[in-house]
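Chain naming here is simple, since letters A, B, ... match the order of the sequence lines and numbering starts at 1 in each. What you see is a predicted model; the values in this text were computed from it and never measured.
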Amino acid sequence: MDFYSALEDLVAQIPAGKIAFLGDIAQALGDKAAAVALPRALARISVSCGEAKRVLKADGSPILPGTLAALKRDGVAVSGLIVEGAERFAFREFVSNRPLQRLRNIQRKCARRVVLRDGVRKPRTVAGVDVSYNEDRAIAAAVLMDSETLHTIAEAIAEVDVAFPYIPGYLAFRELPPLLTALRSLPAKPSLLFVDGHGILHPAKCGIAAQLGITAKIPTIGIGKSYLVGEINSKIIGKGAAVPVRIGGRIMGYAFRSSESKHPIFISPGNMITPKTALRLTRAVCLSRVPEPIRLAHVMATEKRKRKNDT
DNA sequence: GCGACAG
DNA sequence: ATCTTGTCGC
């Protein structure tokens, strides 16, 4: 059963005359933190699920258009733009197998398979992957290049419909299928792969770069453009500087100021590499803020999407 | 007062 | 990620 069906099942459990809060639905899905991602997912299923109009934010405000009118018909007291005292109508007795909790367990299992030893020290080739989106249609690109000259050797593109929304912490369940398809379309396996997203710098120590590295059995490095987890004590001085990011006191990656921008990138091992080597090899391919292989894959995926859009 | 939640 | 215009600077 896919995520959207699981969400539909939950929402369908909300009885007429009652409402449900985002946080409680997220809880029923197995991760309270997923609440922030639900409005978008609810909009996606709303066509086939009228009960989605019974879902409210914690402050009693509606998510979907038409919610207040629908609730009025159901006999829920609406005042102004919100449901006053929504708590009184709250439904919480959801029956669920908590799909996100299951996925978290898969990540934990995957984390145990991660190898934090160097599988490469001097890669001959490097590759980068990235995804662009048209709704839930993913366009993934993979670029293979010479690690020394940074000349492109080969490119591949793949289009895949995804059935999983973007939820922080669960990115791999959305992007892994398209990325794998693009990666496998390359004429050769790269010695090292850069992935757009974190590696072990992840709540379950298993971000998309780790999962991809395990699945494809190659060394991978995760490159996050924004913070996800970890403690950072020291400050990053200037361009080219890096500071460790720790989880439980252990160095899991680095915040690296790769460009003039004050926003660093977050480097962490995906698989078959140490944090230190990941930092060194990333430095070697950063001509701008983002490693070249990823930057090129990003450009490729985006251009492909745009070309399709105005055709 | 308490939070940093990738793309 | 995507939606968007002009604009500042190398």
Side-chain angles (χ1 to χ4, degrees), chain A residues 3 22-23 26-27 29-41 43-44 58 100 103-104 107 111 128-141 159-162 164-180 182 194-213 220-233 235-236 239 243 245-247 252-256 259-270 287-291 294-295 297-306 308-310:
Chain A
F3 183 86
L22 282 180
Q27 181 84 67
L29 285 167
D31 190 341
K32 186 117 191 170
V36 288
L38 293 186
R40 188 173 276 274
R44 197 121 196 68
L100 291 181
L103 296 182
R104 186 61 95 206
Q107 290 174 332
V129 287
D130 190 27
V131 187
S132 176
Y133 289 96
N134 213 334
E135 300 281 291
D136 274 351
R137 178 78 164 171
I139 296 153
E159 286 192 42
V160 174
D161 283 313
V162 298
F164 196 94
Y166 167 68
I167 304 174
Y170 302 86
L171 175 65
F173 299 102
R174 175 172 173 81
E175 291 197 348
L176 207 58
L179 286 186
L180 276 171
F194 288 89
V195 183
D196 197 356
H198 290 94
I200 60 174
L201 221 35
H202 176 275
K205 297 181 171 58
C206 186
I208 188 166
Q211 237 173 286
L212 188 41
T220 57
I221 294 175
I223 303 294
K225 293 186 293 298
S226 61
Y227 175 89
L228 178 60
V229 291
E231 303 106 39
I232 303 173
N233 303 312
K235 208 183 149 196
I236 318 177
K239 179 179 175 181
V243 302
V245 184
R246 294 182 166 85
I247 296 180
M252 301 297 274
Y254 293 89
F256 172 49
S259 68
E260 289 310 339
S261 164
K262 67 172 187 176
H263 299 296
I265 59 173
F266 297 85
I267 302 169
S268 64
L287 272 41
S288 61
R289 179 166 179 250
V290 172
I294 289 182
R295 194 183 64 77
H298 182 272
V299 168
M300 202 179 157
T302 306
E303 284 184 345
K304 173 75 175 180
R305 176 177 57 79
K306 287 186 173 163
K308 279 192 54 184
N309 262 301
D310 54 42

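Looking at every heavy atom in both residues, A:V243 comes nearest to A:I236 through CG2-CG1, 3.8 Å. Contact detail for A:I294 and A:V129: the closest heavy-atom pair is CG1-O, 4.4 Å. Scanning both residues, A:Y133 and A:V131, for their nearest heavy atoms gives CZ-CG1, 3.6 Å. A pairwise comparison of heavy atoms in A:G197 and A:A209 identifies O-CB, 4.1 Å as the closest pair.
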Taking Watson-Crick and G-U wobble pairs with both distances under 3.5 Å, convert DNA chain B into its dot-bracket string, 5' to 3', dots for unpaired and | for cross-strand pairs.
-> .......

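Considering only residues two or more places apart in sequence or on other chains, A:D136 meets the salt bridge (charged side-chain N to carboxylate O under 4.0 Å, His left out) condition with A:R44, A:R174. For A:K225, the side chain to side chain donor-acceptor pair (under 3.5 Å) criterion is met by A:D196, not counting sequence neighbours. Shown here are the side-chain contact (heavy atoms from CB on, under 4.5 Å) partners of A:A182, two or more places apart in sequence or in another chain: A:A140, A:A142, A:A158. Every residue two or more places apart in sequence or in another chain that forms a side-chain contact (heavy atoms from CB on, under 4.5 Å) with A:A301 is listed here: A:S132, A:A141. Evaluation of the side-chain contact (heavy atoms from CB on, under 4.5 Å) rule for A:Q107 yields A:R104, A:Y170, A:F173, A:H202, A:A204, A:C206, A:Q211 as partners, not counting sequence neighbours. Contacts of A:R295 classified as salt bridge (charged side-chain N to carboxylate O under 4.0 Å, His left out), with partners at least two apart in sequence or in another chain: A:E292. Listed by chain and number, the residues in a salt bridge (charged side-chain N to carboxylate O under 4.0 Å, His left out) with A:E159 are A:R137, A:K308 (sequence neighbours excluded). Partners of A:R40 by side-chain contact (heavy atoms from CB on, under 4.5 Å), not counting sequence neighbours: none found.
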Protein-proximity profile, nucleotides 4-10 of chain C, B/S/- by nucleotide at the 4.0 Å heavy-atom cutoff, equals -------

Could you write nucleotides 2-7 of chain B as a row of B, S and -, 5' to 3', where a protein heavy atom under 4.0 Å of any base atom gives B, of only sugar-phosphate atoms gives S, and otherwise -?
-> --BBBB

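Nowhere does DNA chain C pair in an unbroken run of 3 or more (Watson-Crick or G-U, both distances under 3.5 Å).
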